[in-house]
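This structure is a prediction, so every number in the text was calculated from the model and none was measured. To find a chain, count down the sequence lines: A is the first, B the second, and so on, and within it residues start at 1.
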Amino acid sequence: MRSSQLFGKTLRQAPADAENVSHKLLTRAGFIQQIATGIFSLQPLGNRSITKIRNIIREEMDRAGGQEINMPVVQPRSLWEESGRADTFVPPLARFEDRREREMIIAPTHEETATAMARGSVTSYRDLPFTIYQIQTKFRDETRPRGGLLRVREFEMKDAYSFDADEEGMDRSFQAMVGAYKRIFKRCGLDVIMVDADSGGIGGKDSNEFVLLTESGEDTILMSTESDYAANVEKAEFIKKASPIGDLGEVEEFATPGIKTIDELAKAEGVSKSKTAKAVFYSVDGEVVVVTIRGDYDVNETKLRNLLGGSEPRLATPEEVKAAGLVAGSASAVGLKGMRSVVDDSITMGSNYLAGANKEGFHLRNVNFERDFKADILGDIAEAKKGYLSPDGKGKLIAKRGIEVGHVFKLGNVYSSKMGAEFTTEDGDQNEILMGCYGIGVGRLLAAAVESNHDDFGMVLPRAIAPYDVYLAGLNLNDADIAGKAEQLYESLLDAGYDVLFDDRDIAPGVKFKDADLLGVPARVVISSRSLDNGGIEVKARSSKDSQIVAEADMIDAVQKLFDESTE
RNA sequence: CGGGGCGUGGCGCAGUCCGGUAGCGCACUGCACUGGGGGUGCAGAGGUCACAGGUUCAAAUCCUGUCGCCCCGACCA
């Protein structure tokens, strides 16, 4: 491609809207253009990078035994009523009516469609297993898109679905996808780690995220200092510190005027926060639930949601708290009736707690679980934080930020049971198909790559996903001799199989260098009167400050050597 | 959905408080020069000042409403 003919222009300044690095650079370099909040067009350069990513994903999916399919973006809402997600999916489904007034939706993901596809074709165990995938547009009307391509509303996702007859098979299919994911991210030049994750609105029990650790990420990851334990904060566990359990004392009420928080209470009594029982009130499906956790820990709402069976808990409003007859600042589960009680297991690791007296200005001493209050649900709902002990007993947890670029789920029978996707076993029984699903955000992957591969001058892309392999800059092109040689270089680079962007524009050299840096093309080749005076052609890696001059005949070898030396 | 901010040529901004000829830098067009890190000069073109209504002799500027965009929070396969 010749720069003089390339559609799209580089910008000296990024639009004021762009906040993070990838958004700024992708916009400045002419890769993307925003159309509306969270909705982008790809210009030729951006489209080339995306195409390369897509092809890497395809190759690895196929290599892992996946079969490419294509499912519709527009679907009847009734399909989603089968799975029960029509009204519960977050964010709410984008919907419209077709001309026959039939309710249609724009798909935010394709579990239902994939399940329907399998249901329509699978009848016997002999038809299993298989894995299908597509690279397809989704739409999620996110409440708050942000960060350019990092979190958008319309986006392209590679989504794969595995179908197996039994658990072992599902595990095998899952592992095959995990292997493919590792290869994909590595080939894209991304140092991605796999962490334990919550399966959220997709469902199923086990799920793992693939995360690129970077400060600009919006996920918090906790990892052990001494083992390979790593998990999203939503899922992360830890070993709770036990407090000594002594003889249970008598419950005793005492005045605590003006004390409203655990911090104040612990301070006033001169004890550690682990000697207090904190009560937090949540509204779940219109009902107020009392949650009790040891004062030194905070509630992880994702864990709470899972214990409550999937309904989204929200902190109760002051009005709801009041209406339930509770005294904010002096509340506890002691003596509360007609209200569901959830208790974190940290409470069982101590005794004689300080807790609210449910009376303005009073608290209780020597409150004990089971004797003074009970749990309808007892479990782990504590949020892991840095410094806590790793759940495997090895090392402490540290916290990092990361971008989720992929997510894999063992769905089991979540969809097949609801949608009736069954098969006949060898024994003639009817069983539900066990599924897995596996997603990669294609555009987010590009944004993540830029977030982790850039410098002050622009992107520094690995060859695998750069729009071009080589940026050929011809200077002094009004010299017919140099222009002719530049054309020859262009031809020979193309003949050697490289993707080449030939900057043949009649502009100042500085502009060409700036553009070459901004676009992140991994290799730069310069021909000019100066380079010729110095003995030939200049070859330079984007990632390096140093360039070298090589004879014209050696140019291809020098370029190839740059690629061979890089890790990708 | 709550809080904050911003809408003025393609991009970045000033002008708005205090109403009176729409301005600057970059980019763009032509010519000349220059020719290794966004170069120089001369001459140009391009704007319903987000939209609608109101106040006024007069509105980018004041008032009301609407829309759009960004950030923080809530939320988030």
Side-chain angles (χ1 to χ4, degrees), chain A residues 8-20 23-24 27-28 30 33-39 85 88-93 107-112 136 138-148 150-153 155 157-161 197-204 207-210 218-220 232-234 301-302 305 312-315 317 404-409 411 437-441 444 456-458 473-479 482 503 505-518 524 526-534 538 540 545 547 549:
Chain A
K9 193 182 284 188
T10 57
L11 294 174
R12 192 186 290 237
Q13 285 167 300
D17 300 1
E19 182 78 4
N20 63 35
H23 190 187
K24 282 182 184 163
T27 304
R28 282 189 55 210
Q33 187 183 55
Q34 183 163 353
I35 294 301
T37 302
I39 299 179
R85 294 205 295 179
T88 62
F89 197 86
V90 181
L93 300 174
T109 177
H110 285 78
E111 283 76 23
E112 282 79 359
Q136 176 66 286
K138 323 270 183 220
F139 182 82
R140 293 182 189 174
D141 198 359
E142 297 281 357
T143 45
R144 189 149 107 72
R146 68 185 97 183
L150 281 177
R151 180 165 214 85
V152 293
R153 295 193 294 168
F155 59 104
M157 176 164 102
K158 185 288 300 175
D159 46 325
Y161 306 88
D198 181 70
S199 57
I202 292 291
S207 98
N208 291 279
E209 284 176 359
F210 289 81
E218 51 182 348
D219 284 7
T220 300
N232 189 302
V233 65
E234 293 179 342
E301 293 183 9
T302 304
R305 179 196 67 203
E312 215 50 67
R314 291 175 194 289
L315 272 181
T317 62
E404 174 194 4
V405 290
H407 202 152
V408 293
F409 305 78
L411 297 175
C437 78
Y438 317 91
I440 292 178
R444 183 184 282 184
D456 292 346
F457 304 102
L475 313 185
N476 323 107
L477 290 176
N478 40 17
D479 178 323
I482 295 174
D503 197 338
R505 296 173 296 176
D506 179 24
I507 48 170
V511 178
K512 299 187 181 187
F513 294 136
K514 290 288 184 190
D515 276 352
D517 287 347
L518 180 58
R524 190 183 80 188
V526 178
I527 177 169
S528 67
S529 52
R530 182 186 294 186
S531 76
L532 292 174
D533 289 346
N534 288 340
E538 179 187 305
K540 175 184 171 299
K545 278 193 200 106
S547 62
I549 298 280

Rounded [atom1] spacing from [N] to [M] in Å:
{"N": "B:rG39", "M": "B:rA22", "atom1": "P", "value": "32 Å"}
{"N": "B:rG53", "M": "B:rG46", "atom1": "C1'", "value": "30 Å"}
{"N": "B:rG20", "M": "B:rA59", "atom1": "P", "value": "11 Å"}
{"N": "B:rU16", "M": "B:rC49", "atom1": "C1'", "value": "11 Å"}
{"N": "B:rA14", "M": "B:rC24", "atom1": "C1'", "value": "7 Å"}
{"N": "B:rG38", "M": "B:rC28", "atom1": "P", "value": "15 Å"}
{"N": "B:rG12", "M": "B:rG7", "atom1": "P", "value": "11 Å"}

Shorter than 3.5 Å, N or O on both sides, protein versus nucleotides 22-25 of chain B: list them out with atom names.
residue : atom : partner : partner atom : Å
B:rG25  : N2   : A:Gln13 : OE1          : 3.3

Can you check whether [X] reaches [Y] side chain to side chain, under 4.5 Å on heavy atoms?
{"X": "A:Asn232", "Y": "A:His407", "value": "no"}
{"X": "A:Pro313", "Y": "A:Arg305", "value": "yes"}
{"X": "A:Ile527", "Y": "A:Leu532", "value": "yes"}
{"X": "A:Glu301", "Y": "A:Arg314", "value": "no"}

Query raised in the report: Okay, side chain of A:Lys512, backbone of A:Ile507: is any donor-acceptor separation there less than 3.5 Å?
Result: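 Pair absent, no side-chain N/O of A:Lys512 close to backbone of A:Ile507.
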Considering only nitrogen or oxygen atoms on both sides, find all protein atoms under 3.5 Å from nucleotides 29-39 of chain B and state each distance.
residue : atom : partner  : partner atom : Å
B:rG35  : O2'  : A:Asn476 : ND2          : 2.7
B:rG35  : O6   : A:Asn478 : ND2          : 2.8
B:rG35  : N2   : A:Asp506 : OD1          : 3.4
B:rG35  : N2   : A:Ile507 : O            : 3.3
B:rG36  : O2'  : A:Arg530 : NH1          : 2.7
B:rG36  : O2'  : A:Arg530 : NH2          : 2.9
B:rG36  : N7   : A:Ser528 : OG           : 3.0
B:rG36  : O6   : A:Ser528 : OG           : 2.2
B:rG36  : O6   : A:Ser531 : N            : 3.3
B:rG36  : N1   : A:Glu538 : OE1          : 2.7
B:rG36  : N2   : A:Glu538 : OE1          : 2.5
B:rG36  : N2   : A:Glu538 : OE2          : 3.1
B:rG37  : O6   : A:Arg524 : NH1          : 2.9
B:rG37  : O6   : A:Arg524 : NH2          : 3.3
B:rG37  : N1   : A:Asp517 : OD2          : 3.1
B:rG37  : N2   : A:Phe513 : O            : 3.3
B:rG37  : N2   : A:Asp517 : OD2          : 2.2
B:rG38  : O2'  : A:Arg12  : NH1          : 2.4
B:rG38  : O2'  : A:Arg12  : NH2          : 2.1
B:rG38  : O6   : A:Arg28  : NH2          : 3.0
B:rG38  : N1   : A:Asp515 : OD1          : 3.4
B:rG38  : N2   : A:Asp515 : OD1          : 3.4

**Report entry** Spacing of A:Lys24 atom NZ relative to B:rG12 atom P, expressed in whole Å
**Finding:**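 Rounded to whole Å, this separation is 12 Å.
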**Report entry** Rounded interatomic separation in angstrom, taking CZ from A:Phe139 and P from B:rC76
**Finding:**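 Atom CZ in A:Phe139 sits about 18 Å away from atom P in B:rC76.
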Report summary line: Counting primed atoms, P, OP1 and OP2 as sugar-phosphate and everything else as base, the B/S/- map of nucleotides 67-74 of chain B against protein heavy atoms under 4.0 Å is --SSSBBB
Report summary line: Scoring nucleotides 42-47 of chain B by protein non-hydrogen atoms under 4.0 Å (B base, S sugar-phosphate only, - none) yields ------
Query raised in the report: Who pairs with A:Arg153 by salt bridge (charged side-chain N to carboxylate O under 4.0 Å, His left out), at least two apart in sequence or on another chain?
Result: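 Checked A:Arg153 against salt bridge (charged side-chain N to carboxylate O under 4.0 Å, His left out); matches are A:Asp141.
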Report task. Quick one: list whatever passes salt bridge (charged side-chain N to carboxylate O under 4.0 Å, His left out) with A:Lys514, sequence neighbours left out. Result ->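 Salt bridge (charged side-chain N to carboxylate O under 4.0 Å, His left out) check on A:Lys514 returns nothing, list empty.
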Requested in this report: Check the side chains of A:Thr302 and A:Asp198 for a donor-acceptor pair under 3.5 angstrom, ignoring hydrogens and angles.
Outcome: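 No, A:Thr302 and A:Asp198 have no side-chain donor paired with an acceptor closer than 3.5 Å.
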Side chain to side chain donor-acceptor pair (under 3.5 Å) against [X], all qualifying residues, sequence neighbours excluded:
{"X": "A:Asp517", "value": "none"}
{"X": "A:Asn534", "value": "none"}
{"X": "A:Thr10", "value": "A:Asp515"}

Categorize [X] for me: base, sugar-phosphate, or nothing, with a 4.0 angstrom heavy-atom threshold over every strand shown.
{"X": "A:Lys138", "value": "nothing"}
{"X": "A:Ala473", "value": "nothing"}
{"X": "A:Tyr438", "value": "nothing"}

Query - side-chain contact (heavy atoms from CB on, under 4.5 Å) partners of A:Arg144, counting only residues at least two apart - result: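 Partners of A:Arg144 under the side-chain contact (heavy atoms from CB on, under 4.5 Å) test: A:Arg146.
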Query - All side-chain contact (heavy atoms from CB on, under 4.5 Å) counterparts of A:Ser547, not counting sequence neighbours - result: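 Here the qualifying residues are A:Glu538, A:Lys540.
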**Report entry** Upstream residue (5' side of RNA chain B) when A:Lys9 and A:Val90 are each assigned their closest nucleotide
**Finding:**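 Between the two, 5'-proximity favours A:Lys9.
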Query raised in the report: If each of A:Pro15 and A:His407 is mapped to the nucleotide of RNA chain B with the nearest heavy atom, which maps nearer the 5' terminus, i.e. the 5' end?
Result: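 With A:Pro15 and A:His407 compared, the 5'-side residue is A:Pro15.
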**Report entry** By ring-ring contact (aromatic ring centres under 6.0 Å, His included) - contacts of A:Phe89 (at least two apart)
**Finding:**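 Only A:Trp80 meet the ring-ring contact (aromatic ring centres under 6.0 Å, His included) criterion with A:Phe89.
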